[in-house]
Q: 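Right, I'll just put the structure down here and ask away after.
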Amino acid sequence: MLGAFPLLGGLAVVAAAVNNAQRTETNPEFAAKAWHNLKSDEIFPAHLKDTSIMQENTGWTRQGILRKGFSCDGNLNEPFKKQAASAGCKQVLAATYTDDTGKYAATVALVVIGSYKASQPLAAKFDEAVNARRTTDLVKPPVRPIAVPNTPAAQWRAYGGAVSAVTTVDENAPYAVAVTAGHTDLKRKYGYLPGVWADQGPGEVRLFPKMAEELAGIFSRTFPRTMEGEKTS
């Protein structure tokens, strides 16, 4: 009978291990280090699509990931670069995507800021800078575009951008999302609206910032799910 106790004890240990494996407890310190601990292709999934929007959404396909030069100074444009610096910008991780038609490209950047609190006002500050300009005066997109050789994004041009706060309940997540968008067709000619609309500049002044804003929103909702261990496509 005495020989049965070690076996029962072992079964109890196994049962406890199984129960613990089923618990989903988050590490409060992981969010701040997720940008460093996650793989690049986990941070920037092969396909970005907002499944929360109940409409036709073809999504964006990754063409390449920035492999070096993760500096705030080297990868951000003014006025966002100055805004990010004041928020304690540490690193910039980025990848370039194209929409599924191949006509549009965008560089998506995960900007690592000094703190969650400091990251939240960045989107509003960038919007204020954009709104302070006339519609014919283009504000430089927040992220410098990353071209990817031998892809539809080999020589794309940037025409607009947007910044979004990362949507998360974890106040240890010090991130902002910045996106630059443009057209992949270098031969395309951009026209101005006629008549009374002429002073509003080319249609791209409105098209690409809106496109960048939507993509920034998609990524700002996707990345927190990645930090929580959810697999994204």
Side-chain angles (χ1 to χ4, degrees), residues 43-66 75-77 79-80 83-84 92-111 122-131 133-148 151-167 175-193 197 200-223 232-233:
I43 295 174
F44 301 106
H47 199 73
L48 280 173
K49 181 177 180 180
D50 199 338
T51 56
S52 65
I53 298 178
M54 302 301 293
Q55 62 185 29
E56 183 65 26
N57 188 325
T58 57
W60 294 76
T61 301
R62 190 186 68 218
Q63 301 298 328
I65 299 174
L66 177 66
N75 291 291
L76 302 180
N77 285 323
F80 179 65
Q83 296 166 352
V92 175
L93 287 71
T96 291
Y97 289 79
T98 56
D99 79 320
D100 286 352
T101 69
K103 294 180 180 179
Y104 304 107
T107 292
V108 179
L110 180 67
V111 185
L122 285 181
K125 288 182 179 179
F126 184 75
D127 284 344
E128 288 172 3
V130 171
N131 294 333
R133 301 287 188 94
R134 293 182 304 164
T135 52
T136 52
D137 295 333
L138 292 174
V139 173
K140 282 189 176 181
V143 185
R144 294 180 182 177
I146 301 172
V148 184
T151 73
Q155 292 180 313
W156 68 284
R157 291 182 294 182
Y159 279 89
V163 178
S164 175
V166 174
T167 305
Y175 307 108
V177 180
V179 177
T180 286
H183 210 289
T184 58
D185 185 1
L186 296 180
K187 297 180 180 179
R188 178 184 171 118
K189 293 183 179 180
Y190 300 92
Y192 285 77
L193 296 174
W197 304 103
Q200 295 197 17
E204 284 69 28
V205 173
R206 295 175 301 281
L207 170 64
F208 291 113
K210 181 63 176 176
M211 184 182 296
E213 181 182 359
E214 291 177 354
L215 184 52
I218 292 173
F219 188 83
S220 71
R221 291 184 289 273
T222 299
F223 182 61
T232 53
S233 59

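Here, residue 1 is the first one in the sequence, and each next residue gets the next number.
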Q: Rounded to the nearest 0.5 Å, how far apart are OH of Y159 and CG of L207?
A: 11.5 Å

Q: Which pair of heavy atoms, one from V179 and one from A106, lies closest together, and at what distance?
A: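 That would be CG1-CB, 4.1 Å.
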
Q: Taking it one step at a time, do V130 and F126 satisfy side chain to side chain contact (heavy atoms under 4.5 Å, CB included)?
A: CA-CA 6 Å; V130 171; F126 184 75; 3.7 Å; yes

Q: Under the side-chain contact (heavy atoms from CB on, under 4.5 Å) rule, collect the residues that match up with A105, sequence neighbours excluded.
A: T98, A153, W156, T184

Q: Apply the test side chain to side chain contact (heavy atoms under 4.5 Å, CB included) to residues K49 and I218: give CA-CA distance (whole Å), side-chain angles for both, the deciding distance (0.1 Å), then the verdict.
A: CA-CA 7 Å; K49 181 177 180 180; I218 292 173; 6.0 Å; no

Q: How long is the span from the OG1 atom in T107 to the CG atom in N75, to the nearest 0.5 Å?
A: 9.5 Å

Q: Under the ring pair (Phe, Tyr, Trp, His ring centres under 6.0 Å) rule, collect the residues that match up with Y97, sequence neighbours excluded.
A: none

Q: Start with the C-alpha distance between F80 and V111, add both sets of side-chain angles, then the distance that settles side chain to side chain contact (heavy atoms under 4.5 Å, CB included), and finish with yes or no.
A: CA-CA 11 Å; F80 179 65; V111 185; 4.2 Å; yes

Q: Taking side chain as C-beta onward, heavy atoms only, is F208 less than 4.5 Å from H183?
A: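 F208 vs H183: side chains touch.
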
Q: Could you walk me through whether L76 and V143 pass the side chain to side chain contact (heavy atoms under 4.5 Å, CB included) check?
A: CA-CA 5 Å; L76 302 180; V143 185; 4.3 Å; yes

Q: State, with a plain yes or no, whether a side-chain heavy atom of D100 is found less than 4.5 Å away from one of H47.
A: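 They are in contact (side-chain heavy atoms under 4.5 Å apart), so the answer is yes.
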
Q: Tell me whether R62 contacts the main-chain N or O of A95 through its side chain, where contact means a donor paired with an acceptor under 3.5 Å.
A: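 No; judged by distance alone, with no hydrogens or angles, the pair does not exist.
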
Q: Starting at CD of Q63, measure out to OG1 of T96 and round the result to the nearest 0.5 Å.
A: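 One gets 8.5 Å once the value is rounded to the nearest 0.5 Å.
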
Q: For the residue pair L122 and Y175, establish whether any side-chain heavy-atom pair is separated by less than 4.5 Å.
A: no

